[in-house]
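Any value given below was found using the heavy atoms of this structure, including those in side chains, with hydrogens, waters and symmetry copies removed. We number each residue from 1, following the sequence as shown.
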Amino acid sequence: MSFDNAMSLNNVMSANVAATRLASSGPIDLGVLPSELDGGLASRAAIGLVVLATDQTLEHEFRALVRQSGVAFYESRVFSDNDITTDTLRAIGPRIAPAVDLILPSIPLDVVAFGCTSATMTLGEEAVFAEIRKARPNVACTTPVTAALAAFKALDVKGIGLLTPYAPQINENLVAYFSGRGVDISAVATFDRRDDRDAARISVTSIEAAAERMAATPGVDAVFVSCTSLRIAEAAAGLEQRIGVPVTSSNHAMAWHCLRLAGINDVVPAGRLFGLPSN
């Protein structure tokens with residue numbers, strides 16, 4: 001037998017012996033290995049987020065804006081109808097607390113945000129907060145409306161251009177809600193897309209063109225794009241540069257407000273608002 005053949009036979013025999021040993025004795029047990037626990041993904045802040053069942057945009061925009069190290073958001077969905085009417089918005093109210101209850105039970109959250117502008121306006125901010133706190137007593141809360149009010153104050157703007165996809169009646173109610181809180185709505189416009197599935201598909205180009213037209217209206221110091229379904233957060237910084245006034249939206253303002261309420265003051269290149277603290 002040649003040397004090469006002998007070596008090959010020896011290798012085969014060694015492999016067979018090893019295989020036999022493994023089959024007879026099982027895997028080698030290394031026992032319990034040492035491990036240590038760190039702060040996890042949310043070592044700096046944990047944000048809870050209640051998202052409408054029909055929403056296609058909010059989570060995507062939060063992923064673009066809430067990306068700081070040690071900060072994480074966790075969401076649940078709440079049933080909502082596709083048609084945006086006063087009645088369907090009001091029906092969301094009692095569903096909020098059970099949805100909050102599903103977010104990381106027994107794990108602390110720094111902030112809980114409810115993601116619907118028109119429902120917040122219909123129910124009232126305090127009613128929304130009360131529902132959230134049924135599941136999370138004393139937690140810091142925000143909504144797109146709450147965040148927008150905080151954003152207008154931080155930006156120090158007076159006249160607001162309000163752009164929405166809502167029916168005219170809902171727009172009238174939203175203008176009245178903001179006006180009742182001391183906000184001057186200098187201009188208002190709608191795409192009148194009453195089905196949430198359609199609102200999510202309004203093109204960014206359409207929104208930018210409408211915002212540009214609104215910014216040119218006398219008395220408009222900032223543009224607020226209302227509705228968590230509208231896609232504008234990632235384009236806000238560039239749009240601001242082109243039209244010369246601050247731009248924020250339901251998702252944009254709410255992401256900023258969540259961060260500030262949680263004590264996260266990192267500057268994000270997402271427009272003027274994200275360089276400011278919350279007053």
Side-chain angles (χ1 to χ4, degrees), residues 49 51-52 54-67 73 75 84 113-121 142-152 154-155 157 159-166 170-171 174-175 178 183 185-217 220-259 267-276:
L49 187 59
V51 185
L52 296 190
T54 55
D55 195 297
Q56 302 175 51
T57 307
L58 195 159
E59 291 150 312
H60 171 81
E61 294 200 325
F62 258 60
R63 282 192 291 270
L65 298 168
V66 182
R67 58 180 189 271
F73 67 90
E75 68 273 9
I84 306 169
F114 169 65
C116 184
T117 319
S118 51
T120 299
M121 175 271 300
T142 190
T143 72
V145 173
T146 313
L149 293 169
F152 301 155
L155 289 163
V157 291
I160 306 300
L162 177 64
L163 177 63
T164 87
Y166 311 136
I170 292 178
N171 264 13
L174 189 56
V175 169
F178 277 131
V183 176
I185 302 298
S186 300
V188 62
T190 180
F191 296 113
D192 200 9
R193 298 284 185 173
R194 306 182 191 194
D195 188 314
D196 209 22
R197 294 167 295 188
D198 294 335
R201 294 174 56 203
I202 297 171
S203 71
V204 174
T205 300
S206 297
I207 298 170
E208 289 181 321
E212 185 170 2
R213 181 174 175 182
M214 188 158 278
T217 304
V220 171
D221 299 324
V223 174
F224 177 61
V225 180
S226 180
C227 185
T228 59
S229 287
L230 296 191
R231 296 169 288 156
I232 194 62
E234 293 172 278
L239 181 58
E240 284 181 339
Q241 293 179 357
R242 291 198 302 278
I243 68 178
V245 301
V247 176
T248 190
S249 70
S250 293
N251 294 338
H252 186 266
M254 192 165 67
W256 165 80
H257 202 218
C258 283
L259 291 169
V267 174
V268 175
R272 298 186 202 182
L273 181 61
F274 274 77
L276 299 173

Pair listing, salt bridge (charged side-chain N to carboxylate O under 4.0 Å, His left out) test, anchored in residues 201-211, at least two apart: Glu208-Arg242
Using 0.5 Å steps for rounding, measure from the CD1 atom of Ile160 to the CZ atom of Phe178. 8.5 Å
Measure the spacing between OG1 of Thr142 and NE2 of His257 and express it to the nearest 0.5 Å. 4.5 Å
What pairs with Ala237 under side chain to side chain contact (heavy atoms under 4.5 Å, CB included), at least two apart in sequence or on another chain? none
Side chain Trp256, main chain Ala151, donor-acceptor under 3.5 Å: no
Would Phe224 and Ile185 count as a side chain to side chain contact (heavy atoms under 4.5 Å, CB included) here? Give the steps. CA-CA 10 Å; Phe224 177 61; Ile185 302 298; over 6 Å; no
Test ring pair (Phe, Tyr, Trp, His ring centres under 6.0 Å) applied to Tyr166 - qualifying residues, sequence neighbours left out: none
Check whether any side-chain heavy atom of Phe152 lies under 4.5 Å from a side-chain heavy atom of Val183, and answer yes or no. yes
Taking all non-hydrogen atoms of both residues into account, name the closest pair between Arg272 and Gly244 and its distance. NH2-O, 3.6 Å
Heavy atoms of Leu276 and Ala154 approach each other most closely as CD1-O, 3.5 Å
Heavy-atom pair of closest approach, residues Ala235 and Val204: CB-CG1, 4.2 Å
Quick one: salt bridge (Lys or Arg N to Asp or Glu O under 4.0 Å) partners of Arg197, sequence neighbours excluded? Asp195
Within a strict 4.5 Å, meaning less than it, do heavy atoms of the His60 and Arg231 side chains meet? no
For Cys116 versus Thr120, what's the shortest heavy-atom pair and its separation? O-OG1, 2.6 Å
Less than 4.5 Å apart, side chain to side chain, heavy atoms only: is that true for Phe114 and Thr146? no
Evaluate whether atom CZ of Arg193 has more than 12 neighbouring non-hydrogen atoms of other residues, nucleotides or ligands under 6.0 angstrom away. no
Kindly indicate whether the side chain of Leu174, heavy atoms from C-beta on, has any atom under 4.5 Å from the side chain of Ser118. no
Tell me every residue that passes side chain to side chain contact (heavy atoms under 4.5 Å, CB included) with Glu212, counting only those two or more places apart in sequence or in another chain. Ile243
Side chains of residues 247-255: which donor-acceptor pairs under 3.5 Å do they make with residues two or more places apart or in other chains?
residue, atom, partner, partner atom, Å
Thr248, OG1, His252, ND1, 2.8
Thr248, OG1, Ala253, N, 3.3
Ser249, OG, His252, N, 3.1
Ser250, OG, Thr117, OG1, 2.6
Ser250, OG, Cys227, N, 2.8
Asn251, ND2, Glu61, OE1, 2.9
Asn251, ND2, Thr228, O, 2.9
His252, NE2, Ala270, O, 2.7

Just so I know, are the side chains of Leu230 and Pro165 near enough to count as touching, which here means a heavy-atom distance under 4.5 Å? yes
Which residue, Ile84, Thr164, Thr190, Val175, forms the side chain to side chain contact (heavy atoms under 4.5 Å, CB included) with Ile170? Ile84
Could you check whether any side-chain heavy atom of Pro246 comes within less than 4.5 Å of a side-chain heavy atom of Leu273, counting everything from C-beta outward? no
Least distance between heavy atoms, Val245 atom then Val220 atom: CG1-O, 4.2 Å
For a 4.5 angstrom cut-off between non-hydrogen side-chain atoms, does Ile207 reach Phe191? yes
Closest non-hydrogen atoms of Thr217 and Ala187, given as atom of the first, atom of the second and distance, are CG2-CB, 4.0 Å
Close side-chain approach of Val66 to Cys258, heavy-atom, < 4.5 Å: no
